[in-house]
A.B. asks: 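The structure under discussion is supplied below as structure tokens; questions concerning it will follow.
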Amino acid sequence: RMELTNLMKDFGYMKQTDLALDVLHWMKKQKGRLKPNRHVYTSIIGVLGRAGMVSKAREIFDSEELKALESVNLYNAMMGVYVKSGFFKRAWKLYEELCERGLKADEVTFNTLFCGLAKTENPVQLAEKLFRKMKQTGVSAGSYTYNTLIMLFSKAGNYKAAETILEEMRSTDHLPDLCSFNTLINMYARSGKHEEAVRVFSTIKRAGLKPDIVTFTNLIQMFNQAHMLEKAVDSFADMQESGCKPDLMTYSLMVHVHGRAGKPKEAEQALRQMQQAGYRPNVVTWSSLIQVYGKQGMLAELNSCFAEMQKSGCKPDATLYNIMMNAYGQVSLPSQAACLFRQMQSQGIQPSEACYNTMIHAYAQGGKLEEAQAVSRQMVRAGFGPD
RNA sequence: CAAAUUUGAGCUUAU
């Protein structure tokens with residue numbers, strides 16, 4: 001039965017919910033120990049929730065064989081489904097229902113509610129109230145819950161409340177962990193408080209913990225957004241020195257960072273490093289590099305890069321074509337841009353609104369107003385509003 | 001652990 005449960009979950013991760021459901025139905029027809037128990041049901045509800053199949057999950061939750069089961073975990077699972085899909089009210093109703101049935105809400109129940117609250121308008125007051133209630137009913141918070149609360153307060157932009165939770169953690173057996181610190185760093189990063197973010201970063205080491213890829217991508221992203229590009233590069237170096245391996249996203253981000261700094265050589269290096277690390281650049285990575293060449297007017301490099309990308313089996317998309325069209329527009333070669341515009345369509349790639357705008361600009365810049373208007377009409381025909 | 005928590009990458013427009 002355990003293996004079948006895992007099989008169901010695997011199907012879920014492979015986005016094969018119908019197969020997962022088949023397993024469940026098969027199990028229902030069996031006798032004895034192969035019959036689904038509450039673990040199986042909580043699993044399948046979780047799987048359906050991840051796939052966004054809320055009503056299917058609810059259908060199972062409401063089914064006859066589960067009616068009689070008095071399981072908080074089933075409630076937790078179903079509440080999790082609602083929370084994931086943004087239906088906090090429904091999750092809350094289930095919470096009330098389980099209380100009425102005399103079941104005892106546990107830490108996961110409260111934690112799930114906090115998660116749901118975090119997505120609502122004014123979570124802070126309610127969260128504090130619920131947190132008090134949780135303690136009153138004798139449920140004590142573990143790191144998981146503390147971290148959820150930090151996340152909630154940080155999403156609400158309430159730095160003080162978030163830091164207060166951190167303080168509370170220090171006074172318990174549940175010392176702040178990497179997740180706590182990462183969440184705080186993200187909070188400060190999002191609001192452009194670099195010094196604060198860096199301060200928390202240094203706290204990590206003092207706590208005897210090792211920053212991980214989440215920590216570093218938070219910092220790199222923050223410096224990138226603040227146009228503090230050298231700092232972003234420094235953080236990337238720190239990351240590698242500390243033995244933390246960048247992944248595809250991190251490398252792609254670095255290509256972009258170097259590009260913004262106007263450094264095509266370094267941008268390419270980032271891509272090469274990525275390949276050496278065993279990652280295959282995807283269309284985003286290539287696009288980032290191609291854009292760098294475009295901005296620098298390095299059209300020869302741009303073209304060879306595009307060729308290399310295609311040779312590697314990576315397919316261009318509308319964004320990439322737009323990047324290249326824009327590159328040609330910038331150097332007053334609208335005819336080249338137009339060539340790419342036709343090429344993308346002949347390959348069955350639908351131009352996005354941005355593509356039309358780029359073409360209009362390319363023509364307008366070269367004084368080719370007739371052509372610009374023609375594109376504008378095409379754009380309207382393609383269903384994009386004029387402006 | 002059957003359920004719950006943190007970061008993410010590319011395009012147009014004087015951004």
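So you know, we letter chains A, B, ... as the sequences are listed, proteins then strands, and number each from 1.
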A.B. asks: Would a 4.5 Å heavy-atom cut-off, applied to side chains only, mark Tyr41(A) and Ile60(A) as touching?
C.D. replies: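 Yes, at least one pair of side-chain atoms sits under 4.5 Å.
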A.B. asks: Distance check needed: A3(B) P versus Lys104(A) NZ, whole Å only.
C.D. replies: 21 Å
A.B. asks: Give the nucleotide from the list C11(B), A9(B), A4(B) with an atom nearest to the side chain of Ser252(A).
C.D. replies: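 The nucleotide sitting nearest to the side chain is A9(B).
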A.B. asks: When all nucleic acid strands are considered with a 4.0 Å heavy-atom cut-off, which category describes Leu248(A): base, sugar-phosphate, or nothing?
C.D. replies: base
A.B. asks: Counting only side-chain heavy atoms from C-beta out, which of U6(B), U12(B), A9(B) sits nearest to Asn282(A)?
C.D. replies: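 The closest nucleotide is A9(B).
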A.B. asks: Within the stacking criterion (centroid distance below 5.5 Å, interplanar angle below 30°), does Tyr144(A) stack on A4(B)?
C.D. replies: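 Yes, the aromatic ring of Tyr144(A) stacks with the base.
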A.B. asks: For the residue pair Met222(A) and Tyr188(A), establish whether any side-chain heavy-atom pair is separated by less than 4.5 Å.
C.D. replies: no
A.B. asks: Taking only the side-chain heavy atoms of Asn111(A) (C-beta and beyond), determine which of A9(B), U5(B), A4(B) contains the nearest atom.
C.D. replies: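 Of the candidates, A4(B) comes closest.
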A.B. asks: Between Glu168(A) and Lys135(A), does at least one N-O distance fall below 4.0 Å, as a salt bridge requires?
C.D. replies: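 Looking at Lys135(A) together with Glu168(A), the answer is yes, because their closest N to O distance falls below 4.0 Å.
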A.B. asks: Let's test your reading of the model: under 3.5 Å, does the base of G8(B) pair with the side chain of Thr217(A) as donor and acceptor?
C.D. replies: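 Side chain to base: no pair below 3.5 Å.
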A.B. asks: Could you tell me whether Ser154(A) contacts a base, only the sugar-phosphate backbone, or nothing, with contacts defined as non-hydrogen atoms closer than 4.0 Å?
C.D. replies: nothing
A.B. asks: Looking only at the side chain of Met249(A) (C-beta and beyond, no hydrogens), which of the listed nucleotides A9(B), U5(B), G10(B) gets closest?
C.D. replies: A9(B)
A.B. asks: Output one line per pair: protein atom, nucleotide atom from nucleotides 13-15 of chain B, and distance, for all N/O pairs under 3.5 Å.
C.D. replies:
none

A.B. asks: Nearest to the side chain of Thr148(A) - C11(B), U5(B), U7(B)?
C.D. replies: U5(B)
A.B. asks: Dot-bracket for RNA chain B, 5' to 3', with Watson-Crick and G-U pairs under 3.5 Å, [ ] for crossing pairs and | for other-strand pairs: what is it?
C.D. replies: ...............
A.B. asks: So which nucleotide from A4(B), U7(B), G8(B) ends up closest to the side chain of Asp247(A)?
C.D. replies: G8(B)
A.B. asks: Just checking Phe341(A) against Tyr356(A), ring centres under 6.0 Å apart?
C.D. replies: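 Centroid separation for Phe341(A) and Tyr356(A): below 6.0 Å.
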A.B. asks: Identify whether the distance between the nearest side-chain nitrogen and carboxylate oxygen of Arg90(A) and Glu96(A) falls below 4.0 Å.
C.D. replies: no
A.B. asks: Counting side-chain heavy atoms from C-beta on, which of U5(B), A3(B), A9(B) comes nearest to Val108(A)?
C.D. replies: A3(B)
A.B. asks: Quick one, Tyr159(A) and Lys193(A) - any side-chain contact, counting heavy atoms below 4.5 Å?
C.D. replies: yes
A.B. asks: With distance as the sole criterion, is a donor-acceptor pair present between the side chains of Tyr75(A) and Glu97(A) under 3.5 Å?
C.D. replies: yes
A.B. asks: Write down the distance separating the P atoms in C1(B) and U5(B), rounded off to the nearest Å.
C.D. replies: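 The same atom, P, in both gives a distance of 14 Å.
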A.B. asks: Whole Å only: how far is the CD atom of Glu163(A) from the P atom of U6(B)?
C.D. replies: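 Distance, rounded to whole Å: 18 Å.
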A.B. asks: Hey, is CZ on Arg101(A) packed in by over 12 heavy atoms from elsewhere, all under 6.0 Å?
C.D. replies: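 Counting other residues, nucleotides and ligands, CZ of Arg101(A) exceeds 12 neighbours.
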A.B. asks: Just checking Lys315(A): does its NZ atom have more than 12 heavy atoms from other residues, nucleotides or ligands closer to it than 6.0 angstrom?
C.D. replies: no
A.B. asks: Let's see if you can work this out: which of U12(B), U5(B), A3(B) has an atom nearest to the side-chain heavy atoms of Asn322(A)?
C.D. replies: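 Out of U12(B), U5(B), A3(B), the nucleotide with an atom closest to Asn322(A)'s side chain is U12(B).
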A.B. asks: Heavy atoms from C-beta onward define the side chain here; which of U7(B), A4(B), A9(B) lies closest to that of Val284(A)?
C.D. replies: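 Taking heavy atoms from C-beta onward, the closest nucleotide is A9(B).
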A.B. asks: Ignoring the backbone of Gln221(A), work out which of U7(B), G8(B), A4(B) is nearest its side chain.
C.D. replies: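 It is G8(B).
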A.B. asks: Does the side chain of Lys84(A) get closer than 4.0 angstrom to OP1 or OP2 of A4(B) through an N or O atom?
C.D. replies: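 Affirmative; the distance criterion is met.
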A.B. asks: Determine the interatomic distance between P on C11(B) and the same-named atom on U15(B); round to the nearest Å.
C.D. replies: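 Pairwise P distance, C11(B) against U15(B), rounds to 13 Å.
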